[in-house]
Amino acid sequence: MVDALFGVPRLVAVYDALDPDRGDLEHYAAMVTEFGARQVLDVGCGTGELACLLAKDGIEVVGVDPAEASLEVARGKEFADRVRWIHGDATTLPPLQVDLTVMTGNVAQVFLTDEEWAATVRGVRDALRPGGRFVFETRDPAQRAWEEWTRENTYQQKLVAGGETVESWSDLIGVELPFVSFRGTYVFGSDGAVLTSDSTLRFRERGEVEASLAGFSIDEVRDAPDRPGKEFVFVATRQ
């Protein structure tokens, strides 16, 4: 199921404004250049920020996401007409042979069961040309990032497009490792509407992730430049 934050049109419409600091995407764009990739698959592309950034630079991009509302926002962005948008996930892709597949943000952690993750890894592998790379990030559970997912640490009030004021914050719902659940709350100033979005992420240990990448050789595990010491950035090559 798609979280409300990505599937409810009113929430998706303010998503980018509430999370404007996407400096991490520049690092992924730099890796596309580093590896000389010309065809890129963005799994869990969301509202299309990275896909459009790459398309601007002449990269052939396929963006896939299970949330149609997010794709609708993505299609309205500059350079979106250069991207091939697909409603679905890595297990429902048409035949592809890309140079690089990326998963940014929390995408790799939304697959809660071993079966879901294994199917996603197979889908990614099938979409890559031989020797193509799979680059994705996942949070290091030892850093216990969820301890900061409280209203006190996350509350913000922002003016978004159209003059709308939105208050938002996160509350931790439960921690039953490797699963962590939290709720985002969004209050719209124009009519007082209160919308919520519940999410659950799976925090996998580094060794667990390494063992799960069937059909890949792991080139390296990097630190996340935008969140040093908090995440693993895996770079793997299709065997």
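Here, residue 1 is the first one in the sequence, and each next residue gets the next number.
The closest donor-acceptor contact from the side chain of Asp89 to the backbone of Thr91 lies under 3.5 Å. Within the 3.5 Å criterion, the main-chain N or O of Leu112 finds a donor-acceptor partner in the side chain of Glu116. The backbone N or O of Ser170 lies less than 3.5 Å from a partner atom in the side chain of Thr154, making a donor-acceptor pair. A distance-only check finds a donor-acceptor pair linking the side chain of Trp85 to the backbone of Ala80 [under 3.5 Å].
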### Message
Does Tyr28 form a side chain to side chain contact (heavy atoms under 4.5 Å, CB included) with Val135? I'd like the steps, not just the answer.
### Response
CA-CA 8 Å; Tyr28 278 93; Val135 179; 3.7 Å; yes
### Message
Working note: Leu41 + Leu100, criterion side chain to side chain contact (heavy atoms under 4.5 Å, CB included); need CA distance, chi angles, decisive distance, verdict.
### Response
CA-CA 6 Å; Leu41 170 64; Leu100 183 95; over 6 Å; no
### Task
Begin from the C-alpha positions of Glu26 and Leu53 and carry the test side chain to side chain contact (heavy atoms under 4.5 Å, CB included) through to its verdict.
CA-CA 9 Å; Glu26 296 291 344; Leu53 176 66; 4.2 Å; yes
### Task
Using the side chain to side chain contact (heavy atoms under 4.5 Å, CB included) rule, take Asp198 and Ile173 through it: C-alpha gap first, then chi angles, then the decisive distance, then the call.
CA-CA 9 Å; Asp198 289 358; Ile173 298 174; 4.0 Å; yes
### Query
Given the rule in the ring pair (Phe, Tyr, Trp, His ring centres under 6.0 Å) test, do Tyr155 and Trp149 qualify, once you have shown the distances and angles that lead to the verdict?
CA-CA 10 Å; Tyr155 177 86; Trp149 298 348; over 10 Å; no
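Distance check, rounded to the nearest 0.5 Å: CG of Leu201 to OG of Ser199 gives 6.5 Å. For the atom pair His27 NE2 and Thr104 OG1, the distance stands at 12.5 Å (nearest 0.5 Å). In this structure, CD on Glu167 lies 10.5 Å from OG1 on Thr185, to the nearest 0.5 angstrom. Distance check: Met103 CE to Asp42 CG gives 9.5 Å after rounding to the nearest 0.5 Å. If you take CZ on Phe111 and CZ on Arg204, they are separated by 9.0 Å, rounding to the nearest 0.5 Å.
Taking the side chain as every heavy atom from C-beta outward, Glu231 and Asp140 never approach each other to under 4.5 Å. Inter-residue side-chain proximity for Asp223 and Lys230 is flagged as unmet; no heavy-atom pair is nearer than 4.5 Å. A heavy-atom distance below 4.5 Å is found between the side chains of Thr138 and Val209. Between Thr101 and Phe136 there is no side-chain heavy-atom pair separated by less than 4.5 Å. Here the side chains of Phe216 and Val121 are in contact, with some heavy-atom distance below 4.5 Å. Looking at heavy atoms from C-beta onward, Val180 lies in side-chain contact with Phe203 at the 4.5 angstrom threshold. In this structure, the side chains of Asn153 and Thr150 come closer than 4.5 Å at one or more pairs of heavy atoms.
Comment: Glu49 engages Lys77 in a salt bridge, judged by a side-chain N to carboxylate O separation of less than 4.0 angstrom. Looking at Glu208 and Arg202, a side-chain N of the basic residue comes within less than 4.0 Å of a carboxylate O on the acidic one, giving a salt bridge. Taking 4.0 Å as the cut-off between side-chain N and carboxylate O, Glu34 and Arg222 count as a salt-bridged pair. Using a 4.0 Å cut-off between charged side-chain N and carboxylate O, Arg183 and Asp171 make no salt bridge.
Side-chain rings of Tyr186 and Trp169 stay apart, their centers remaining 6.0 Å or farther from each other.
More than 12 non-hydrogen atoms from other residues, nucleotides or ligands lie less than 6.0 angstrom from CD of Glu220. The neighbour count for Gln156 CD, taken as heavy atoms of other residues, nucleotides or ligands under 6.0 Å away, is above 12. Counting heavy atoms of neighbouring residues, nucleotides and ligands inside a 6.0 Å radius, atom NZ of Lys56 does not exceed 12 of them.
Taken together through direct or relayed side-chain contacts under 4.5 Å among Ile, Leu, Val, Met, Phe, Trp and Tyr, Val14 and Leu5 form part of one hydrophobic cluster. Linking ILVMFWY side-chain heavy atoms closer than 4.5 Å, directly or via other members, places Leu71 and Val2 in two distinct hydrophobic clusters. Val102 and Phe232 are assigned to two separate hydrophobic clusters, defined by single-linkage of ILVMFWY side chains at heavy-atom distances under 4.5 Å. Both Val235 and Val32 belong to a common hydrophobic cluster when Ile, Leu, Val, Met, Phe, Trp and Tyr are linked at side-chain heavy-atom distances under 4.5 angstrom. Under the 4.5 Å side-chain heavy-atom criterion for Ile, Leu, Val, Met, Phe, Trp and Tyr, Ile86 and Val12 are members of distinct hydrophobic clusters.
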Name the atoms and distances for all side-chain donor-acceptor pairs under 3.5 Å in residues 124-134, with sequence neighbours left out.
residue : atom : partner : partner atom : Å
Arg125  : NE   : Gly215  : O            : 3.2
Arg125  : NH2  : Gln239  : O            : 3.1
Arg129  : NE   : Asp99   : OD1          : 2.7

Going by atom type alone, with no hydrogens or angles, which donor-acceptor pairs under 3.5 Å involve a side-chain atom of residues 60-70 and a protein atom two or more places apart or on another chain?
residue : atom : partner : partner atom : Å
Asp65   : OD1  : Ala67   : N            : 2.8
Asp65   : OD2  : Cys45   : N            : 3.3
Asp65   : OD2  : Gly46   : N            : 2.8
Glu68   : OE2  : Arg75   : NH1          : 2.8
Ser70   : OG   : Phe6    : O            : 2.8

Only distances under 3.5 Å count here; give the side-chain donor-acceptor pairs of residues 188-195 to other protein atoms, sequence neighbours excluded, each with its distance to 0.1 Å.
residue : atom : partner : partner atom : Å
Ser190  : OG   : Arg10   : NH2          : 3.4
Ser190  : OG   : Glu164  : OE1          : 2.9
Ser190  : OG   : Glu164  : OE2          : 2.9
Asp191  : OD1  : Arg10   : NH2          : 3.2
Asp191  : OD1  : Ala193  : N            : 3.0
Asp191  : OD2  : Arg10   : NH1          : 3.0
Asp191  : OD2  : Arg10   : NH2          : 3.4

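For the 3.5 Å distance criterion, the side chains of Asp3 and Ser197 fail to qualify, holding no donor opposite an acceptor.
Residues Ala90 and Val43 come closest through the heavy atom pair CB-CG1, 4.3 Å. Of all heavy-atom pairs between Thr196 and Leu11, the closest is O-CD1, 4.4 Å.
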